[in-house]
Structures are given as structure tokens and as C-alpha cells.
Amino acid sequence: MNDPEQNSIKDKILKSIEAGKVQMRPRWHFVLRTILLVIGIVLAVLALLYLISFVIFALHQTGAWFVPRFGLGGLMEFLTSFPWLILLLALVFTVILEILVRKYSFGYQKPLLYTTLAIVVLVAAGGFAVSQTPFHRGLFDSARLHELPVAGGFYRLYGTPSSDNVAIGSIVRINNPGYTIQDRRDIMFEILVDDNTNFPDGNDFGIGDSIVVFGHRGDSNQIQALGIGKITEPEPPPLPQREILIPQNIQLK
């Protein structure tokens with residue numbers, strides 16, 4: 001038995017075709033559209049992975065990633081040092097990716113909240129995974145050697161500490177009390193500690209340990225530490241043929 005409603009829809013479509021309101025498109029048109037859509041999704045995903053992983057790399061590089069553990073002051077330092085412009089750009093690509101994904105049947109059949117959350121979770125996990133690879137470290141080292149012509153300034157801008165309140169590096173001398181550290185730019189800092197210095201991970205540090213210091217930088221390269229924490233990840237190897245900058249008031253023994 002024929003369905004009257006189905007026949008009605010069929011008749012409307014046939015009448016629209018006869019009236020020229022519906023144009024037949026060749027198969028290659030739909031194939032090309034699908035290819036362009038897939039390319040757009042792939043490019044948006046790659047852009048998001050790059051931006052999210054770079055944000056994580058930059059926060060690790062400057063030490064801002066580690067300072068929220070030092071209380072409200074550390075949290076404020078983290079928020080101040082956060083590359084918000086890059087995050088805003090990542091949000092733009094997230095919206096673009098959401099629009100592209102919803103053009104597929106598996107996308108538009110799902111609630112907007114579900115697809116958005118899925119994209120955010122997958123991209124965040126992928127960005128964190130990429131940040132653990134040597135990808136950004138290699139580009140940053142090339143930028144420091146001025147061997148990265150296009151994105152060199154970008155890496156030097158966001159990969160260099162923007163605040164004098166945070167230092168991250170390896171211990172080269174224990175002063176009892178205090179430490180001398182060599183940061184990731186091969187600059188030496190004298191770390192001063194007192195009874196108000198917070199050690200959330202304890203103060204059992206040794207030569208070669210990587211630490212992050214949050215405090216107030218005074219004259220020269222002295223930092224009065226408000227908090228010192230240990231970093232389990234290894235310090236990156238120094239660049240070749242670079243001069244180590246040691247302030248005259250710090251003498252290594």
C-alpha cells in the first residue's frame with residue numbers, strides 16, 4: 001500500500017524539478033565538496049594541536065606552569081603570564097572545526113554541547129601529547145639561534161620569561177641557605193631563602209636538580225624566593241657555542 005505522505009513529497013520534488021527550482025549536480029561536485037570539507041577539518045585539527053601544545057610548551061618554558069602551587073600569588077602570576085591571545089586564536093579554530101564537523105551526519109545528529117566537549121577533550125589531550133615531544137623545543141632552539149626565519153620571533157616572544165618573578169633552572173651551587181641556579185638561557189641567578197620561603201615539595205635539593213623559583217627579583221640577578229618547587233622533568237640540553245652569562249657578583253666555586 002502506497003503512503004500518501006510519501007507520494008506527496010515525491011510529487012513536490014518532481015514538480016520542483018520540472019519548474020527548474022531544483023538543479024541536478026554532477027557527482028564530482030559532491031566528491032570535491034567532501035574532499036574540501038575533510039581537508040578543512042584536518043587543517044583545523046592540526047592548527048588546534050599546534051596552538052594548544054605551544055601554550056603548554058610556553059608555560060613550561062617560562063616556568064608559569066609550575067607556580068600556581070605557591071598560593072594566590074602564584075596563581076595570579078600564572079594568569080598574568082598566560083598567552084591569552086593564543087588561546088583566543090585556538091577558540092576561533094575550535095568554532096571553525098565545530099562548524100565543519102557538524103556538516104557530517106554524525107555531527108549534526110548530536111547535540112552541540114556533546115560535539116563541542118568531544119572536540120575540546122580530544123584536542124586538549126592531543127595538544128598535551130604533542131607538547132611532550134621535542135617538536136616545539138627544536139623550533140625554539142632554532143629561533144634562539146636565529147635559524148627560524150618565519151616563526152622565530154613568535155617563539156622568542158612567548159618562550160622567554162615575561163616576568164622577573166619566576167625563574168626556572170638547574171642548581172649549580174647550594175649556598176646554605178639559598179641556591180645558585182642556571183636558567184634555560186644560561187643566565188645565573190642567586191636564590192635567597194628565609195623563613196617565609198614555601199617549599200611545597202620539601203627542600204631536599206641537590207646539584208643538578210631542576211627547580212622553579214617564585215619570588216621578588218632585586219638588583220642584579222638575585223631573587224628573594226617566596227616559593228621553591230622541584231621539577232621532575234629534565235632541563236633541556238644547552239645550545240652549542242653559546243656564551244654562559246655569569247653576573248660579576250656571583251662566583252662559582
Side-chain angles (χ1 to χ4, degrees), residues 54-84 131-132 134 136-137 140-141 143-145 155-253:
F54 180 82
V55 167
I56 298 174
F57 166 78
L59 291 174
H60 277 77
Q61 177 68 24
T62 60
W65 180 272
F66 308 99
V67 296
R69 70 175 94 173
F70 299 129
L72 181 59
L75 179 60
M76 294 301 297
E77 184 69 31
F78 173 83
L79 296 176
T80 302
S81 303
F82 196 92
W84 295 106
S131 70
Q132 303 305 303
H136 289 293
R137 166 59 52 187
F140 177 71
D141 286 345
R144 290 179 61 187
L145 292 172
Y155 274 87
R156 288 190 294 271
L157 173 63
Y158 287 101
T160 303
S162 58
S163 172
D164 291 335
N165 299 327
V166 181
I168 180 172
S170 298
I171 296 176
V172 296
R173 188 178 68 182
I174 298 177
N175 301 325
N176 290 324
Y179 310 91
T180 299
I181 67 171
Q182 180 179 1
D183 82 346
R184 294 174 171 178
R185 296 165 295 172
D186 288 341
I187 300 176
M188 297 294 178
F189 288 92
E190 184 178 4
I191 310 304
L192 307 178
V193 302
D194 56 26
D195 294 338
N196 296 321
T197 303
N198 180 22
F199 293 91
D201 307 313
N203 59 353
D204 185 19
F205 303 137
I207 301 296
D209 285 346
S210 298
I211 62 174
V212 58
V213 180
F214 171 62
H216 300 299
R217 182 172 176 178
D219 296 335
S220 68
N221 283 23
Q222 289 185 337
I223 299 178
Q224 180 62 54
L226 298 176
I228 301 177
K230 192 171 184 178
I231 300 175
T232 56
E233 61 186 50
E235 286 293 296
L239 288 175
Q241 299 180 351
R242 289 184 299 167
E243 180 182 359
I244 297 179
L245 302 177
I246 305 178
Q248 295 180 357
N249 63 333
I250 299 179
Q251 297 180 356
L252 297 181
K253 297 182 180 180

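For reference, positions follow the sequence shown, starting with 1. Keep in mind that this is a model prediction, so the values were computed, not measured.
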Nearest heavy-atom pair of [X] and [Y]: which atoms, and what distance?
X    : Y    : answer
A167 : I181 : CB-CD1, 4.1 Å
A225 : V213 : CB-CG1, 3.8 Å
F205 : Y179 : CD1-OH, 3.4 Å
A143 : Y155 : CB-CB, 3.8 Å
S210 : S170 : OG-OG, 3.9 Å
I56  : S131 : CG2-OG, 3.5 Å

request  = Check salt bridge (charged side-chain N to carboxylate O under 4.0 Å, His left out) between R69 and all other residues, then give those that pass, not counting sequence neighbours.
outcome  = D201
task = Check whether any side-chain heavy atom of F66 sits under 4.5 Å from a side-chain heavy atom of V166, and report yes or no.
result = no
ask   = Do I228 and N203 have side-chain heavy atoms sitting under 4.5 Å apart?
value = no
key: Gap between atom CG of L226 and atom CG of N198 - 0.5 Å precision   = 9.0 Å
message = I need the T180 OG1 to I191 CD1 distance, nearest 0.5 Å.
response = 8.0 Å
query = What is the ring orientation for H136 with F54, classed by angle as parallel under 30°, tilted 30 to 60°, or perpendicular over 60°?
reply = perpendicular
message = Whether the side chain of D194 engages the backbone of T197 through a donor-acceptor N/O pair (distance < 3.5 Å, no angle test) should be reported.
response = yes
request  = Under the side chain to side chain contact (heavy atoms under 4.5 Å, CB included) rule, collect the residues that match up with R217, sequence neighbours excluded.
outcome  = D164, F189, N221, I223
Y158: partners by side-chain hydrogen bond (donor to acceptor under 3.5 Å, both in side chains), with sequence neighbours left out = none
